[in-house]
> 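Sending over a structure as structure tokens; questions will come in a sec.
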Amino acid sequence: MSSSPVFSSRNHSPPPPTPPLQPGRDEGDGATVVERQPQKTEPPRLYQVLLLNDDFTPMEFVVMVLQEFFRHDLDTATQIMLKIHHEGRGVCGVYTKDVAATKVELVLAVSRRAGHPLQCIMEAA
Ligand code: TYC
């Protein structure tokens with residue numbers, strides 16, 4: 001007969017990862033002391049994805065890019081596009097390295113396919 005699901009050994013979430021253990025230190029009396037080391041994982045570096053101004057890419061295309069690839073609403077996308085138009089460059093979003101690099105590649109690909117010279121770059125934030 002199967003045991004009650006309440007006491008089943010299945011369906012438990014795995015135990016949280018334990019910090020790395022220092023190699024055992026023998027105290028000379030046969031006992032081994034093992035101490036927990038504090039975790040020292042650094043937060044990931046972040047990268048800004050920027051669009052650069054040019055004289056040829058239509059404003060509507062830039063606004064579409066800001067909406068579709070950077071999830072800005074129409075008002076925000078229009079403000080960012082105008083900032084780039086007037087100041088030469090502007091931040092579209094801030095991401096981890098791989099996400100930022102993927103967004104740059106996607107924006108460049110869709111821009112070239114549409115025949116526009118739009119430039120998209122990433123910089124350490
Ligand atoms: N300067 C472009 C124009 O007048 C518009 C534009 C805005 C282009 C932002 C690129 O990243 C850009 N059509």
Side-chain angles (χ1 to χ4, degrees):
M1 204 201 305
S2 68
S3 60
S4 155
V6 173
F7 301 108
S8 168
S9 61
R10 290 171 300 172
N11 301 326
H12 288 292
S13 42
T18 50
L21 296 174
Q22 192 176 263
R25 186 171 76 236
D26 193 329
E27 297 289 282
D29 58 0
T32 299
V33 175
V34 179
E35 294 169 357
R36 297 212 182 282
Q37 297 294 299
Q39 290 281 29
K40 36 184 176 243
T41 309
E42 301 294 337
R45 291 200 69 179
L46 295 178
Y47 293 78
Q48 294 180 330
V49 175
L50 300 105
L51 286 176
L52 307 184
N53 189 37
D54 65 71
D55 292 337
F56 305 101
T57 304
M59 291 182 171
E60 302 74 34
F61 185 83
V62 178
V63 170
M64 178 280 292
V65 163
L66 287 162
Q67 290 180 280
E68 294 297 320
F69 294 93
F70 301 98
R71 310 316 305 172
H72 292 297
D73 62 30
L74 177 59
D75 270 13
T76 307
T78 303
Q79 285 172 30
I80 295 172
M81 182 279 295
L82 286 173
K83 178 186 167 72
I84 301 165
H85 177 72
H86 290 298
E87 299 179 14
R89 54 189 258 154
V91 177
C92 309
V94 180
Y95 308 95
T96 54
K97 192 174 198 175
D98 287 1
V99 174
T102 299
K103 296 212 183 266
V104 168
E105 291 309 314
L106 289 171
V107 169
L108 292 177
V110 77
S111 298
R112 295 306 165 269
R113 199 173 316 142
H116 302 312
L118 184 62
Q119 286 298 328
C120 186
I121 62 171
M122 61 191 273
E123 289 181 352

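Counting starts at 1 for both ligands and their atoms, in listed order. Counting begins at 1 with the first residue of the sequence.
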> What are the atoms of ligand 1, with element, lying closer than 4.0 Å to any heavy atom of L118?
10 (C), 11 (O), 12 (C)
> In terms of atom number and element, which parts of ligand 1 are under 4.0 angstrom from non-hydrogen atoms of L52?
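Selected atoms, number and element: 10 (C), 11 (O), 12 (C).
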> Of all the non-hydrogen atoms in the protein, which one sits nearest to atom 9 (C) of ligand 1, and at what distance?
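Result: I84 CG2, 3.6 Å.
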> For the side chain to side chain donor-acceptor pair (under 3.5 Å) test, which of Q119, E123, Q48 pairs with R89?
E123
> Give me the nearest non-hydrogen protein atom to atom 4 (O) of ligand 1 as residue plus atom name, then the distance to 0.1 Å.
H85 CE1, 3.1 Å
> Do H116 and P58 have side chains that approach each other closer than 4.5 Å (heavy atoms only, starting at C-beta)?
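H116 reaches P58 side chain to side chain.
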> Is there side-chain contact between D54 and L118, with at least one heavy-atom pair below 4.5 Å?
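A side-chain contact under 4.5 Å exists here.
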> With respect to atom 2 (C) of ligand 1, which of L51, D54, D55 exhibits the smallest heavy-atom separation?
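Looking at heavy atoms only, D54 sits closest to atom 2 (C) of ligand 1.
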> Counting C-beta onward and ignoring hydrogens, is there a side-chain heavy-atom pair between V110 and F61 closer than 4.5 Å?
yes
> Below the 3.5 angstrom mark, is there an N/O of T57, backbone or side chain, next to an N/O of ligand 1?
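Yes, since at least one N or O of T57 sits under 3.5 Å from an N or O of ligand 1.
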> Can you find a heavy atom in the side chain of L46 that is under 4.5 Å from one in the side chain of T96?
yes
> Does F69 share a hydrophobic cluster with L74, counting links as ILVMFWY side-chain heavy atoms below 4.5 Å and allowing steps through other members?
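Cluster IDs for F69 and L74 match.
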> To which protein heavy atom is atom 8 (C) of ligand 1 closest, and what is the distance rounded to 0.1 Å?
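The protein heavy atom lying closest is N53 OD1, 3.5 Å.
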